[in-house]
Every structure is written in C-alpha cells, then in structure tokens.
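Here is the structure we will look at, set down as structure tokens.
Quick caveat, the model's predicted, so the values are computed rather than measured.
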Amino acid sequence: MSTAAAPNLWAAGIEARGRLAGWLDACRRRRAEARAWYQAGTLEELAALTARWLRGQMLWTPNGHVGGPDPETLPLVDVLADLNLAGILTETSQPGELAVLHRRPWRQRAYVTVFVAHPEVAQTLAAQAAKAGLVVRAYRPGRSVDENGERDAVDVTTWEGHGVMTGMGDRISPRAVRRIFPGCGRQAVREVATAWQVTLIDPQWGRDTVLWPFLTHFLNSRQTVPA
C-alpha cells in the first residue's frame, strides 16, 4: 500500500464508523419513541407526543411521518402544537395556497382535522368556528353524519386538469383511526376512536389568515376562562 493511499483509507474508515454510529443512534431513538407511543394511555397523552413531534423533539409518528412536519406545515407548527398541548389532538392539516404546478393552477383551502375527548370543548370549538365563517364538520362519537346532517367531504385541494386532489371533513371510522395510530396504547386509540371529530375549513381558496388566528384566539380565550 502506498503512503498516499493510507490517509484516504483512514478517512473512509472514520466516515463508515460515523455512519454506523448514526444508524445505531437512530435505531435506539426509534425504539425509545415507539415505546413512548405504545405507553400513551389517553388521547391527551397522544396529543402531547404529537406536540413534541411537531416541535422537532421526536423524529417519528406512528403513521410513518419521519423527520418532522412537511415544509408547508412549518409556519403552522406553533398553533398546531398548542392545540395538542390543550388536549385537542390534530390529525391532518394544510395551509391555504394558490400556486402553479407544472404550469397548471394549484389551489388549497386551509383546514385542520382534530379529535376532541370532551364534548363541551368540541361543541364550543365548532360553534365559534361557524360564527367566524369557517366550514365546520363536527361528528359526535358513533355518528356517521355531522351536527348539521352533512356527511360528504369538502374539496380542499384542486389541480387544474386533474380535478379534486383532496377532500376532507367526512367521518373517520374506528378502523381508520387504528390505521392512523398503529403501535399505540389500546386505551388511547379507543379514546380517539370514540372522540368527537371536528374539521374546520376556510371556504376561501388560498386564504391563510382566518383559520389559524381563529384557533389561536380560541385557545387563548379558553385559558382566560375561570375554572
């Protein structure tokens, strides 16, 4: 072996050991986080873990999200995490957006879907959201139609030439809930499956200045109400 090649082999060995150490650390962290999700015993505990993931304190979620929220979700992290810390478990969300994708218009409505264990909180959230001009789908546990007799999803993402890409606001079945939270504590998943489901949607395409301020105001107003 030439003396010139030796440093390159040494550097390659250091790099390989670094990759192995990183992989082992990720495996240990994955096991620890999987244990935390499994040990969650209530909807509120699942929500607290979701808040940690949103804020970058956990790498994994049960439904396969790895490495943190999508880039479009980053501006929403604070309000979504605050919802979860208040015991309102967020399921999916997106910001409002008007864009062009492959030279075709792309449109999004801002929305969020949550699970709420306490009926009074769910009903208050739904009522105040409706007053704020948001589209509301609120399902009591076990009901297949919402409080206004609606059951169909609302279009929230369209792409010209491809039609509707995403619809939200229809009821999530208990079986679907179990698919969303694989590996979590049975009691916690049972609480999610029997919780109120509330979806709030901004009716205006591309607008991102109504839903999220409303949610912040809702949380702040609840914190100032005497116990």
Side-chain angles (χ1 to χ4, degrees), residues 43 46-47 50 54 61 63 65 69-70 72-73 75-76 79-84 86-99 105-160 162-181 189 191-219:
L43 181 152
L46 289 178
T50 301
L54 284 163
T61 63
N63 59 8
H65 288 299
D70 295 333
E72 72 168 8
T73 306
L76 313 177
V79 65
L80 293 174
D82 287 345
L83 282 167
N84 282 283
I88 299 173
L89 175 61
T90 60
E91 201 276 304
T92 57
S93 63
Q94 74 178 20
E97 183 181 26
L98 297 176
W106 175 280
R107 303 188 305 166
Q108 292 185 181
R109 287 182 168 125
Y111 86 88
V112 64
T113 294
V114 300
F115 297 100
V116 188
H118 302 288
E120 179 269 333
V121 176
Q123 290 169 314
T124 301
L125 174 63
Q128 292 186 10
K131 288 182 180 179
L134 297 167
V135 176
V136 178
R137 290 285 190 272
Y139 296 88
R140 292 174 181 264
R143 291 285 301 276
S144 59
V145 296
D146 81 343
E147 294 294 271
N148 296 314
E150 302 285 350
R151 69 170 70 232
D152 296 329
V154 178
D155 300 343
V156 296
T157 307
T158 65
W159 187 17
E160 187 177 281
H162 297 268
V164 177
M165 305 298 291
T166 312
M168 297 302 302
D170 48 347
R171 177 176 175 268
I172 302 171
S173 69
R175 178 178 295 180
V177 168
R178 290 192 292 272
R179 288 199 297 266
I180 294 169
F181 297 98
V189 175
E191 287 192 12
V192 177
T194 57
W196 279 69
Q197 298 176 19
V198 182
T199 298
L200 309 179
I201 304 168
D202 191 322
Q204 182 172 318
W205 292 100
R207 186 168 63 180
D208 216 21
T209 57
V210 174
L211 173 58
W212 314 112
F214 162 77
L215 290 170
T216 297
H217 175 75
F218 175 79
L219 291 172

Do Val177 and Val189 make a side-chain contact, defined as non-hydrogen atoms from C-beta onward lying under 4.5 Å apart?
yes
May I ask you to test the Thr158-Trp205 pair for a side-chain heavy-atom distance under 4.5 Å?
yes
Between Met165 and Arg107, is the side-chain contact (heavy atoms from CB on, under 4.5 Å) condition met? List the steps.
CA-CA 10 Å; Met165 305 298 291; Arg107 303 188 305 166; over 6 Å; no
Does a side-chain heavy-atom distance below 4.5 Å link Glu191 with Phe115?
no
A side-chain contact here means heavy atoms from C-beta on lying under 4.5 Å apart; do Gln197 and Arg143 qualify?
no
Using every non-hydrogen atom in the two residues, find where Val192 and Phe181 come nearest and quote the distance to one decimal.
CG1-CE1, 3.9 Å
Straight-line distance of Ser93 OG to Met168 CE, nearest 0.5 Å:
9.5 Å
For the student: nearest non-hydrogen atoms of Ala47 and Asn84, plus distance:
O-CB, 3.1 Å
Going from OG1 on Thr209 to CG on Asp202, what distance comes out if it is rounded to the nearest 0.5 angstrom?
7.0 Å
Minimum heavy-atom distance between Leu219 and Val79, given as atom pair plus value:
CD1-O, 4.4 Å
Pairing donors with acceptors under 3.5 angstrom, does anything connect the side chains of Ser144 and Arg171?
no
Can you tell if the side chain of Val154 reaches within under 4.5 Å of the side chain of Arg109, non-hydrogen atoms only?
yes
Kindly compute the distance separating CH2 (Trp196) from CD (Gln123), expressed to the nearest 0.5 Å.
4.0 Å
Under 3.5 Å, is there a donor on one side chain and an acceptor on the other for Thr199 and Tyr139?
no
Flag if over 12 foreign heavy atoms under 6.0 Å of NE2, His217:
no
Nearest heavy atoms of Ala153 and Gly167, plus distance in Å
CB-C, 3.8 Å
As an exercise, state the distance from CG of Leu83 to CG of Leu125, rounded to the nearest 0.5 Å.
8.0 Å
Nearest 0.5 angstrom please: Leu76 CG to Leu211 CG, how far?
8.5 Å
Identify the residue among Leu80, Val116, Val112, Leu215 that makes a side-chain contact (heavy atoms from CB on, under 4.5 Å) with Ile88.
Val116
Using side-chain contact (heavy atoms from CB on, under 4.5 Å), reason through Val135 and Arg137 one step at a time and then give a plain yes or no.
CA-CA 7 Å; Val135 176; Arg137 290 285 190 272; 4.1 Å; yes
Exercise: identify the closest heavy-atom pair between Tyr111 and Trp212:
O-CH2, 3.5 Å
For the CG atom of Leu134 and the CG atom of Leu200, what is their distance to the nearest 0.5 Å?
6.0 Å
Run through Thr157, Asp208, Thr166, Asp70 and flag the one making a side chain to side chain donor-acceptor pair (under 3.5 Å) with Gln94.
Thr157
Would a 4.5 Å heavy-atom cut-off, applied to side chains only, mark Ile201 and Val156 as touching?
yes
On a heavy-atom basis, which atom in Ala81 and which in Leu54 lie closest, and how many Å separate them?
N-CD1, 3.7 Å
